[in-house]
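This report concerns only the one structure given below.
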2 protein chains.
Amino acid sequence: MTTHRAPEGYDPYAFAPFAVTVDLAVLTLREERLHVLLVERGQEPYAGAWALPGGFVLPRESAEAAARRELAEETGLSEATVAGLHLEQLRTYTEPDRDPRMRVVSVAFTALVPDPPEPRGGGDAAQARWIPYGTHGHLAFDHDRILADAHERVGAKLEYTCLATAFCPPEFTLGELRQVYETVWGVELDRPNFRRKVLTTPGFVQAVEGPPRLTGGRGKPAALYRAGEATTLHPPLLRPEGRPA
Amino acid sequence: MTTHRAPEGYDPYAFAPFAVTVDLAVLTLREERLHVLLVERGQEPYAGAWALPGGFVLPRESAEAAARRELAEETGLSEATVAGLHLEQLRTYTEPDRDPRMRVVSVAFTALVPDPPEPRGGGDAAQARWIPYGTHGHLAFDHDRILADAHERVGAKLEYTCLATAFCPPEFTLGELRQVYETVWGVELDRPNFRRKVLTTPGFVQAVEGPPRLTGGRGKPAALYRAGEATTLHPPLLRPEGRPA
DNA sequence: ACAAAAGTGTTCAGCTTACACCCATGA
DNA sequence: TCATGGGTGTAAGCTGAACACTTTTGT
C-alpha cells in the first residue's frame with residue numbers, strides 16, 4: 001500500500017529527477033494601471049514569447065529564498081529592499097508536461113512592489129519589462145494561468161487583509177490606497193465611505209504627524225498614513241457587485 | 001543574471017535531485033469532533049511518531065493525481081468515491097532540512113471527507129487512524145505546521161465559500177451543516193439566524209423533495225438539503241468575535 | 001472663477017443579532 | 001409530560017451605499 005515518506009532503501013536517483021523552480025508574478029501600480037514584470041525569452045521553447053521571471057531553486061535554498069533572490073536580480077532592487085517586500089506563495093504547478101524539456105515542478109509566488117525602478121537590462125539577450133496587465137499576449141508555458149491565479153488571489157485578499165498597503169510606499173495618502181483597490185478591482189469606490197471604512201478599521205493605517213502632502217496636481221493636500229499593525233480586516237472590505245471573477 | 005527557465009545545456013543530473021512528495025491533511029467530522037487521518041511511522045526517522053499520510057509523486061503524475069491516489073489508498077475509499085471529494089492544494093513546504101535524509105519538496109493538500117470508514121489496516125506495520133484534532137502530540141517532520149495551516153485555511157474558507165457542504169453527505173440537514181461550522185470554529189451559532197442566512201444565500205443549498213429525516217434521537221424531523229451551485233458566499237458568513245486564530 | 005481632490009455630515013435600506021415562541025418526536 | 005432539536009417571528013442596533021456639502025489647492 002502506501003509508501004508514506006521515503007521507503008526503506010529509497011534511491012533518489014532511481015527516478016528521473018524532478019527539477020524545482022520558482023516563478024514570480026511581480027505586480028506593481030504605475031500610472032493608475034496594474035503592471036506585471038515580464039521577461040522575453042531568448043531561447044526555445046517559446047523563444048520570443050514573454051514569460052514570468054523565475055529560476056531554479058538551489059540545492060540548499062528554500063523556495064521562498066529562491067524567489068526573493070530572483071526578485072532582487074530581476075528588479076535590480078537591493079537585497080535589503082527586497083527583504084521588506086510582500087512575497088507570498090501562490091500555489092505549485094505540477095502538470096507533467098508543463099515544460100516540454102523535462103519534469104519541472106514550479107512553486108509560484110506573488111510579489112507586490114511599490115513604485116519600482118525600471119528592471120535592469122542585464123547583459124544577456126533577454127529583456128525584462130513592466131507590462132500593463134492584460135496587454136501582453138499569451139505567455140510561455142502555463143504562465144497565463146499562473147498570472148491569472150495571482151491576479152485573482154490578490155483581488156480576493158484585498159477584501160479581507162491589509163494587503164493593499166504593500167502596493168504603497170511607506171507613507172501614503174488615502175487616495176493612493178483607494179487607487180490600489182480601484183485599479184486591482186477595476187471599479188470605482190465612494191471616496192467618503194472608503195475613508196471612513198479604512199479609518200474605523202483598527203490597525204489598518206496609522207496617521208503620520210506632520211504636514212499633509214500635495215497630491216500631484218490640483219486638490220487639497222492629503223494627510224499621510226503608514227501601514228498599521230493589523231494584517232486582517234474585520235469586517236472585510238467587500239468589492240461591490242457580488243464577487244466577480 | 002537570471003537563468004529564466006532551464007538555461008542552455010542544463011543538465012538535470014548536475015544537481016542532487018529533489019524528491020517531490022504530497023502530504024495530506026485529511027479532515028472529517030465524527031461525533032461532533034474534528035478528526036485527522038494520521039499514520040504511525042514504522043521506521044526512522046521519527047519511528048513511532050504520527051505523521052500525515054503522503055507519498056511520492058510518480059514520474060508521469062501531477063501532484064493532485066498523486067494526492068488523490070494516496071487518499072484512496074489510505075482511506076480505503078474507492079477511486080470513484082475519492083474522485084468526488086473535496087481536495088485542495090494547501091501550500092508547498094520546501095525548507096532544505098525538513099527531511100533529514102534528503103532534499104524533499106512536499107506539496108500539501110487538504111481533503112475533506114464526509115462520514116469516512118475506518119482506514120483499512122494495510123498488511124505492513126504502520127497503522128492509520130482517525131485522531132481527534134488536537135489530541136495527537138507532535139507530529140513527524142514539519143507536519144504540525146502543515147496540519148495547523150490546513151485547519152486555519154479550512155476555518156477561513158468556511159466564511160466565504162460553500163466548503164462546509166464538503167463535510168456533509170450528499171443529503172444533509174441544516175443542523176448537520178451548522179455542526180460543521182460550530183465544530184471547526186469551536187463556537188456556538190444561533191440556530192434560527194444560521195438557518196435564515198443559509199437559506200437566503202442563493203445557491204448555497206437546495207431543498208430535497210420528500211419526507212424529512214429523523215435526526216438521531218429526539219426532536220422534530222429535519223428537512224433535507226443538497227449542496228447548491230454556488231461556490232462562494234456573498235455576503236460571507238463571518239465567525240463571531242473578530243478573527244480568532 | 002473654476003476644476004479637482006480631500007474631508008465631513010446625513011439619510012435610508014438591509015443585514016446581523018438576540019431572543020421569544022411554536023412544532024414534532026422519543027423516552 | 002418533559003427534554004430535545006427543528007422551524008417561525010420580530011424588534012433593536014449596526015453597517016454600508018448614496019449623496020449633499022465644505023475645504024484647500026492649482027490654473
Side-chain angles (χ1 to χ4, degrees), chain A residues 31-32 158-160 168 171-183 185 187-202 204-225 233-244, chain B residues 29 31-32 158-160 168 171-183 185 187-202 204-225 233-243:
Chain A
E31 293 145 22
E32 316 200 347
L158 288 186
E159 289 191 321
Y160 57 93
C168 297
E171 299 192 345
F172 52 86
T173 70
L174 294 185
E176 290 165 347
L177 188 63
R178 185 170 41 84
Q179 187 70 49
V180 173
Y181 284 88
E182 293 184 335
T183 303
W185 286 349
V187 299
E188 286 216 338
L189 300 178
D190 182 87
R191 213 178 316 118
N193 292 335
F194 178 82
R195 174 189 184 79
R196 252 187 304 267
K197 178 72 184 177
V198 170
L199 293 183
T200 61
T201 299
F204 194 175
V205 297
Q206 54 188 170
V208 170
E209 300 299 324
R213 180 211 292 173
L214 302 181
T215 60
R218 309 177 243 306
K220 182 176 177 174
L224 290 174
Y225 296 86
L233 300 182
H234 261 267
L237 182 51
L238 300 175
R239 52 192 134 181
E241 311 284 317
R243 182 184 290 262
Chain B
L29 261 55
E31 293 144 23
E32 315 200 347
L158 288 186
E159 288 192 321
Y160 57 93
C168 297
E171 298 192 345
F172 52 86
T173 70
L174 294 185
E176 291 165 347
L177 187 64
R178 184 170 40 85
Q179 187 69 49
V180 173
Y181 284 89
E182 293 183 336
T183 303
W185 286 349
V187 298
E188 286 216 336
L189 299 179
D190 183 87
R191 213 179 318 117
N193 292 336
F194 179 81
R195 174 188 184 80
R196 252 186 305 267
K197 177 72 185 177
V198 170
L199 293 183
T200 60
T201 299
F204 194 174
V205 299
Q206 54 188 170
V208 171
E209 301 298 324
R213 180 212 293 174
L214 301 183
T215 61
R218 309 175 244 307
K220 182 176 175 176
L224 290 174
Y225 296 85
L233 300 182
H234 261 266
L237 182 51
L238 300 176
R239 55 191 132 178
E241 312 286 317
R243 181 185 291 261

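Letters go in sequence order (proteins before strands), and every chain restarts at 1.
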### Message
Any donor-acceptor pair, under 3.5 Å, between the side chain of Arg191(B) and the base of dG6(D), if you only look at N and O atoms?
### Response
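It does, because a donor-acceptor pair links the side chain of Arg191(B) to the base of dG6(D) below 3.5 Å.
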### Task
Could you tell me whether the side chain of Arg196(A) has a donor or acceptor atom within less than 3.5 Å of a complementary atom in the base of dG7(C)?
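Between dG7(C) and Arg196(A), which were checked side chain against base, a qualifying N/O pair under 3.5 Å is absent.
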Could you tell me the separation between the [atom1] atom of [X] and the [atom2] atom of [N], rounded to a whole number of Å?
{"X": "Leu237(B)", "N": "dC15(C)", "atom1": "CG", "atom2": "P", "value": "14 Å"}
{"X": "Arg195(A)", "N": "dT23(D)", "atom1": "CZ", "atom2": "C1'", "value": "12 Å"}
{"X": "Lys220(A)", "N": "dA6(C)", "atom1": "NZ", "atom2": "P", "value": "10 Å"}
{"X": "Leu238(A)", "N": "dC15(C)", "atom1": "CG", "atom2": "C1'", "value": "12 Å"}
{"X": "Leu174(B)", "N": "dT8(D)", "atom1": "CG", "atom2": "C1'", "value": "14 Å"}
{"X": "Leu224(B)", "N": "dG5(D)", "atom1": "CG", "atom2": "C1'", "value": "15 Å"}
{"X": "Phe172(A)", "N": "dA5(C)", "atom1": "CZ", "atom2": "P", "value": "19 Å"}
{"X": "Glu159(B)", "N": "dT16(C)", "atom1": "CD", "atom2": "C1'", "value": "15 Å"}

### Query
Can any side-chain N or O of Glu159(B) pair as donor or acceptor with the backbone N or O of Arg239(B) at less than 3.5 Å?
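Confirmed, Glu159(B) side chain pairs with Arg239(B) backbone.
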### Query
Okay, side chain of Glu182(A), backbone of Leu189(A): is any donor-acceptor separation there less than 3.5 Å?
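Pair found, side chain donor or acceptor close to backbone of Leu189(A).
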### Task
Indicate whether OP1 or OP2 belonging to dG16(D) is found under 4.0 Å from a side-chain N or O atom of Lys197(A).
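Result: yes.
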### Message
Is there a side-chain contact between Arg178(A) and the phosphate of dA6(C), meaning an N or O under 4.0 Å from OP1 or OP2?
### Response
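So the side chain of Arg178(A) is within the cut-off, an N or O lying under 4.0 Å from OP1 or OP2 of dA6(C).
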### Task
State, with a plain yes or no, whether a side-chain heavy atom of Val198(B) is found less than 4.5 Å away from one of Tyr225(B).
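Result no, sub-4.5 Å side-chain heavy-atom pair not found.
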### Side-chain heavy-atom pair Phe172(B), Gln179(B) within 4.5 angstrom cut-off
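Phe172(B) vs Gln179(B): side chains apart.
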### Task
Between Pro235(B) and Pro221(B), name the one whose nearest nucleotide on DNA chain C is closer to the 5' end.
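Result: Pro235(B).
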### Query
Do other residues, nucleotides or ligands put more than 12 heavy atoms under 6.0 Å from Gln206(A) CD?
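Yes, the 6.0 Å shell around CD holds more than 12 heavy atoms from other groups.
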### Query
If you check every side-chain atom of Asn193(A), which of dA18(D), dG7(C), dA18(C) has the closest atom?
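The listed nucleotide nearest to Asn193(A)'s side chain is dA18(D).
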### Query
Nearest to the side chain of Pro192(B), which nucleotide is it out of dG5(D), dG7(C), dA20(C)?
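Nearest nucleotide to the side chain: dA20(C).
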### Query
Want to settle it: does Asp190(B) or Glu176(B) sit nearer the 5' end of DNA chain D, counting the closest nucleotide to each?
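Checking each residue's closest nucleotide, the 5'-ward one belongs to Glu176(B).
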